[in-house]
Amino acid sequence: MGKLLLVDNLSKVFKLHLLGGREVVACRNISFGVNEGEALGIKGPSGAGKTTILKCLYRTYLPSSGTAVYASLKGEVDLLNAPEQSILELRRQEIGYVAQFLRVIPRVSALQIVAEELLLKGWDCNRALAEARRLFTHLRLPRELWDASPYTFSGGEQQRVNVARAAAKQPRLLLLDEPTASLDLESKERVRELMLWLKNAGTALVVVSHDQEILQQVADRIIFLDYPAQKQGEEACSHVRDAYR
Amino acid sequence: MAQPEKEGNAVSKEQGPVLQVRGLGKFYGEACPHCINSTGPAWESNICPACGTIVACAEISFALMAGSVLGVVGESGSGKSTLVQCLYFDLAPSTGEAFLGSYVGGKKNIFAASAQEKRLMRNKLMGMVYQNPQQGLNLDFSAGGNIAEKLLMAGCFHVGRIRARAGALLEKTEVPLKRLDHLPRFFSGGMQQRVQIAKALANNPGLVFLDEVTTGLDVSVQAKVLDLIRSLQRELALTIIAVSHDLGVIRLLTDYTLVMKNGRIVEQGLTDQILSDPQHPYTQLLVSSLL
Amino acid sequence: MAQRTRYKRGYNFAFLDESSKKELRRAMLKAVAIPGYQVPFASRELPLAQGWGTGGLQLTMALIGPEDILKVIDQGSDDVVNAVNIRKLLVQTTGVATTEDTQRATLIQTRHRIPEEPLCSWQILVFQVPYPEPLRLVEPSEAKTREMHAEADYSRLWVHLYEDIVRWGEITIGAQYPVMVNGRYLMDPSPIPRWDIPRLHMADHLNLFGAGREKRIYAVPPYTKVEPLEFEDYPFRVEDFRGKSCAACGSTSTFLDELLEETTGKRTYTCSDTSYCAKKRAARD
């Protein structure tokens with residue numbers, strides 16, 4: 001398996017102009033790699049910058065320095081510095097992001113939310129809807145919910161839609177931010193299943209989580225983040241992995 | 001799970017940008033050498049202290065790719081409407097160039113075109129939805145007549161075909177077909193906007209401008225109009241420039257955003273990045289003011 | 001100039017002074033050079049109220065020479081008061097010969113009709129025009145309509161025709177039907193019936209249009225394309241006189257006027273072109 005993503009010295013510093021230009025370091029000199037089809041877990045205390053790393057890779061945050069070379073189907077792209085157009089293109093075709101909470105337009109049905117991702121990828125409408133239905137069936141999302149807005153769903157059901165949305169287009173790289181936080185056991189199990197399924201289908205996962213159990217079950221390798229002032233060490237994380245698997 | 005088929009991707013078919021703008025500016029006044037250097041966000045003003053010229057917008061440059069939605073956000077007087085009105089030839093820009101991929105292969109500055117060519121571009125290659133329906137619609141013509149105007153200018157002189165197309169467009173924009181021959185003067189604000197959208201889409205334009213389309217509508221109607229625009233954008237892979245002072249609208253519709261202040265672009269980037277990690281002090285203020 | 005005594009003393013030949021005529025001729029030349037384009041001119045005061053044909057009259061005055069043979073008609077008739085007065089004024093100030101015979105006249109001034117008999121290349125037809133601007137119907141501003149002409153932007157009038165069809169099932173414009181001249185300028189052909197429109201197309205003779213009150217001159221030179229606005233599925237139609245004929249001469253191929261007998265309520269039809277009708281009757285008798 002080849003390298004899919006190589007993050008080198010990623011740092012993110014926020015400059016808060018409203019607070020007189022105060023600078024806040026969110027993460028510093030982060031380096032790690034992800035192989036094709038591999039699941040990487042990232043753990044660490046709150047405020048260590050786990051989410052920041054994912055958002056920088058997805059370019060929801062503008063990274064301050066570093067590189068992240070991603071081997072896209074069309075060649076290597078530095079996710080941290082590539083022009084916005086290529087990022088948009090990669091988001092449509094190859095890279096998915098699952099935020100901690102589902103955030104959607106309240107008037108759009110769950111089915112459409114998932115189908116829309118496929119439309120963006122270039123599928124026609126009927127095929128996209130059929131695929132969305134198939135996913136929901138698999139996730140055992142109650143049929144009567146399909147045409148309703150996920151805002152009316154329970155937290156667990158919402159999160160299933162959230163993961164299903166990213167999973168639908170079968171990205172080559174999926175970034176997940178606390179996918180199982182505060183889920184009941186049943187929902188957690190469904191989400192875990194889906195992540196494993198994606199992995200088996202060849203999607204590389206980067207999972208940020210506090211949940212030791214889910215990381216153990218899904219991740220091939222886990223890295224540990226400490227506060228950004230301190231050093232990040234991958235060796236240590238390898239030990240973590242060795243200790244549990 | 002999705003089949004790992006090779007899908008024909010709707011995007012990236014066209015090589016060049018749909019629209020490229022370079023150094024666009026619009027001045028009201030005689031303009032002097034100090035105009036550019038002594039106006040803008042750093043001066044908190046767009047009035048030149050030396051000659052009193054109003055610099056409505058200046059040094060605007062950006063590119064727009066097919067199928068993408070560009071947002072232009074900023075407060076009143078930031079120059080965002082001036083920008084789209086220049087591009088739609090409602091206003092003549094004072095400086096700058098723009099290239100339209102569908103006009104002479106993007107090789108000729110559209111501002112240098114003749115009035116007739118500009119009219120042709122407006123009618124065939126572009127669509128515009130104004131904040132005020134009175135600007136975009138002739139309220140003395142029926143809804144169908146308004147759509148017909150665009151089709152006629154594009155050379156369709158067949159009443160049957162015009163009506164079929166107008167009917168299909170109204171259906172798409174969720175206007176009851178029985179209102180085809182009614183005057184939009186007697187329509188609700190939301191329905192007038194739908195007719196405007198139908199008119200803007202009449203000739204399958206490669207580029208659609210939305211100038212504050214939901215401002216002035218009730219919140220519930222706003223939501224419906226935005227949903228409509230979103231679904232049309234997805235379905236027809238429209239390339240859109242959407243101007244709004246409302247970050248909510250920008251978040252909902254666009255994937256790339258220009259932030260304007262005092263006639264200048266202070267920041268541009270992916271919309272989610274602008275909203276989650278704004279760089280410029282003004283954008284940070286704007287985002288922090290979001291309800 | 002040789003036959004000075006043939007017209008009223010104290011007036012210049014054809015009433016207008018020579019420099020006014022020159023200006024009119026220049027405007028006419030420009031109009032001929034740009035078919036269908038409305039050329040502005042300084043309309044002169046005449047011993048005839050504006051709205052009574054002063055535009056056409058000024059063109060005639062600038063064109064007429066002592067050798068011309070003049071015919072003046074109003075709605076096809078030589079004997080209506082407007083035609084009679086204009087003819088009298090012209091004869092008094094020029095002394096030219098007049099005729100009712102279309103085929104003999106060198107210069108014909110008309111209000112709202114084209115004579116039935118085809119005109120030849122040596123004849124000139126001068127129209128009296130009340131409203132020269134075909135776009136006035138949809139745009140009140142003169143500045144705007146001039147811009148619309150400049151950019152050949154005729155969409156608003158097209159929409160007007162579309163709405164007409166939607167509302168009434170057909171285009172309801174009777175007389176004064178808008179035409180495209182030489183594929184470029186939209187033109188008001190003056191209130192001639194639709195019947196006469198095809199007879200402007202590729203005609204052998206020169207058509208000149210004068211609007212005195214509105215101060216505009218325009219022209220359709222010989223052999224120029226004149227096309228009425230029409231939709232592919234709603235083609236232009238002329239007035240339908242099928243099954244009707246002239247009560248006087250029996251013609252079935254002319255534009256007919258409808259007459260209603262007040263006592264009996266009976267409808268009869270006669271040729272609108274009275275001199276043509278008389279000619280036909282004379283030939284028949």
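A note on names: the letters A, B, ... follow the listed sequences, proteins ahead of strands, and every chain is numbered from 1.
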A:Arg91 and B:Leu270, any side-chain heavy atoms less than 4.5 Å apart: yes

Only pairs under 3.5 Å count here: list side-chain donor-acceptor contacts from residues 202-209 of chain B, not counting sequence neighbours, and write none if there are none.
| residue | atom | partner | partner atom | Å |
| --- | --- | --- | --- | --- |
| B:Asn203 | ND2 | B:Asn123 | O | 2.8 |
| B:Asn203 | ND2 | B:Lys150 | O | 3.0 |
| B:Asn204 | OD1 | B:Arg165 | NH2 | 3.3 |

Residues A:Arg103, B:Asp272: salt bridge by 4.0 Å N-O rule: no

Is B:Glu235 close to chain A through its backbone or its side chain, or both, or neither, when contacts mean heavy atoms under 4.5 Å? neither

Of all of B:Pro278, B:Ser276, B:Ala63, which one pairs up most often with chain A through heavy atoms under 4.5 Å apart? B:Ser276

From B:Asp255 atom CG to A:Ile87 atom CD1, the distance as rounded to the nearest 0.5 Å: 13.0 Å

Does atom CD of A:Glu189 have more than 12 heavy-atom neighbours, drawn from other residues, nucleotides or ligands, at distances under 6.0 Å? yes

Can you name the closest pair of heavy atoms from A:Glu84 and B:Gly269 and give their distance? OE2-CA, 4.0 Å

Should B:Arg230 and A:Glu116 count as side-chain neighbours, where that means a heavy-atom distance under 4.5 Å? yes

Donor-acceptor pair, distance only, cut-off 3.5 Å: does the side chain of B:Gln284 make one with the backbone of A:Lys15? yes

Minimal heavy-atom distance between A:Arg92 and B:Gly67, with the atoms involved, is NH2-O, 4.3 Å

Output for pair (A:Leu118 CG, B:Arg234 CZ), nearest 0.5 Å, gives 12.0 Å

Which atoms of A:Gln85 approach chain B - backbone, side chain, both or neither, heavy atom under 4.5 Å: side chain

Quick one: which of A:Leu18, A:Ile105, A:Thr60 has the most heavy-atom pairs under 4.5 Å with chain B, could you say? A:Thr60

I'd like to verify something: which residue of B:His280, B:Gln273, B:Gln279, B:Gln268 has the highest number of heavy-atom pairs under 4.5 Å with chain A? B:Gln273

Go through the atoms of B:Leu285 and report whether side chain, backbone, both or neither lie under 4.5 Å from a heavy atom of chain A. both

Between A:Lys12 and B:Asp277, does any NZ, NE, NH1 or NH2 come within less than 4.0 Å of an OD or OE carboxylate oxygen? yes

